[in-house]
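Remarks on the structure that follows.
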There are 2 protein chains.
Amino acid sequence: MKKSLADRIEQYIKVLIARSEENQIIIQRLELAETFCCVPSQVTYVIGTRFTEKTGYSTESRRGGKGYIRISMMDDEEISSDLSKRELIVFIDKLLAAKLLSKNEEELIKNIILHSSQNMSSDQRIQLYNSIRFALDDFIR
Amino acid sequence: MKKSLADRIEQYIKVLIARSEENQIIIQRLELAETFCCVPSQVTYVIGTRFTEKTGYSTESRRGGKGYIRISMMDDEEISSDLSKRELIVFIDKLLAAKLLSKNEEELIKNIILHSSQNMSSDQRIQLYNSIRFALDDFIR
DNA sequence: TCTTCCTTTGACTTTGTTTGACTTTTATAT
DNA sequence: ATATAAAAGTCAAACAAAGTCAAAGGAAGA
């Protein structure tokens, strides 16, 4: 199956990260773009769609001379899991405030979140929260 | 009895799957349509009528450039997670019928169930369904 | 024949990717 | 300090798929 450019760049970056010591790499956007014979913003696109907090990565960059982009796998998953949980709860509270969810619905979901958190690995939790978040987005639309 | 186009496409896909390593194939809708000299949505129709969860297949696709459709035969784990999903849905329907859940609540939860199926392993799914089940028990009490 | 269900088709929608022109930030040389 | 050059960021347009939906067609049974 033919992979898209974005997919190939994604894979490439992931291999680099896997090979790295600290689960993080520092690249130069232009350099990577040249490796793949594409425009630099393609790299930005890949990072923006595939290396997000949602997918367990964090990035940091600097412009100008000696600029760079650092991509790291979030290591303390526990923290990020709690983070996305807090975010999700905040989000649900907002929905409640905006009357997009009833009090009952809000309680129901929080109940699910609470119960689900029990027996899941942090990894699973992140995915669950994302799914619920997604489902809510979908639901209120 | 003359075979319909849909039947022939179905056969074709099944042969491809049978020949594949992982009991799954990745196709491009347009390509397959061209192979059979038909409109792309014909392929969608075949997949929608012959390669469903009920018949033991799961599918996944991506639009846009280099898009694809993946069709896989569900393994035992997937089948059982699908089964627990059905059971859960039956349960939710009962709650709705018993007026223990509102229509909105029912939809919301089904939404979560639906979305969660997307990015989780069947293992995770079963856990999630159990959690939802617990949360519901708790909620209606 | 009539009805019903399945199939076929195509116009339109949505989603995801690629590209490039333009902007902003930063280090370095003057 | 200032100017310059070397990065990365932004954004929207063009393109490339797959999805949706409803209408039209066709076959098989009552």
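Numbered from 1 within each chain, the chains take letters A, B, ... in sequence-line order. Basis for what follows: all heavy atoms, side chains included, without hydrogens, waters or symmetry-related copies.
- Position along DNA chain C of the nearest nucleotide to B/Thr49 versus A/Ser4 favours B/Thr49 as the more 5'-ward residue.
- Within the 4.5 Å cutoff, no side-chain heavy atoms of A/Ile9 are placed close to those of A/Tyr45.
- Screening residues 98-108 of chain B for salt bridge (charged side-chain N to carboxylate O under 4.0 Å, His left out) gives B/Lys103-B/Glu106, B/Glu106-B/Lys110 as the qualifying pairs, with residues at least two apart or on separate chains.
- Not counting sequence neighbours, B/Arg63 has no partner by the salt bridge (charged side-chain N to carboxylate O under 4.0 Å, His left out) test.
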Under 3.5 Å donor-acceptor pairs involving side-chain atoms of residues 27-38 of chain A, not counting sequence neighbours:
unit_1, atom_1, unit_2, atom_2, d
A/Gln28, NE2, A/Gly67, O, 3.2
A/Arg29, NH1, A/Thr44, OG1, 2.8
A/Thr35, OG1, A/Glu31, O, 3.1

Checking B/Phe139 against B/Leu101 for the side chain to side chain contact (heavy atoms under 4.5 Å, CB included) test, could you report, in this order, the C-alpha distance in whole Å, the side-chain angles of both residues, the deciding distance, and whether it holds?
CA-CA 10 Å; B/Phe139 180 71; B/Leu101 286 183; 3.9 Å; yes

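- For B/Asp75, there are no salt bridge (charged side-chain N to carboxylate O under 4.0 Å, His left out) partners, not counting sequence neighbours.
- For DNA chain C, the neighbouring residues in residues 55-65 of chain B, judged by any heavy atom under 4.0 Å, are B/Arg62, B/Arg63, B/Gly64, B/Gly65.
- For the segment residues 29-44 of chain B, the set of residues with a heavy atom within less than 4.0 Å of an atom of DNA chain D comprises B/Arg29, B/Leu30, B/Ser41, B/Thr44, in numerical order.
- In this structure, B/Glu10 places its CD atom 14 Å from P of C/dC6, rounding to the nearest Å.
- Atom CG of A/Asp7 is separated from atom P of D/dA16 by 17 Å (rounded to the nearest Å).
- C/dC6 atom P lies 18 Å from atom NZ of B/Lys3, rounded to whole Å.
- Summarising the geometry, the separation between CZ on A/Arg50 and P on C/dT15 is reported as 16 Å, rounded to the nearest angstrom.
- Remark: C1' of C/dT25 and OH of A/Tyr68 are 13 Å apart, rounded to the nearest angstrom.
- Computed from coordinates, the A/Arg8 CZ to C/dT17 P distance equals 13 Å when rounded to whole Å.
- Taking every side-chain heavy atom of B/Tyr45 into account, C/dC6 is the closest of C/dT28, C/dC6, C/dT18.
- Atom CZ in B/Arg70 sits about 13 Å away from atom P in D/dG19, given to the nearest Å.
- For residues 79-111 of chain B, there are no ring-ring contact (aromatic ring centres under 6.0 Å, His included) pairs, not counting sequence neighbours.
- With sequence neighbours left out, A/Lys14 forms a salt bridge (charged side-chain N to carboxylate O under 4.0 Å, His left out) with A/Glu10.
- The CZ-P distance, from A/Phe51 to D/dG9, rounds to 14 Å in whole Å.
- Legend: residues meeting salt bridge (charged side-chain N to carboxylate O under 4.0 Å, His left out) with B/Glu77, ordered by chain and number and at least two apart, are absent.
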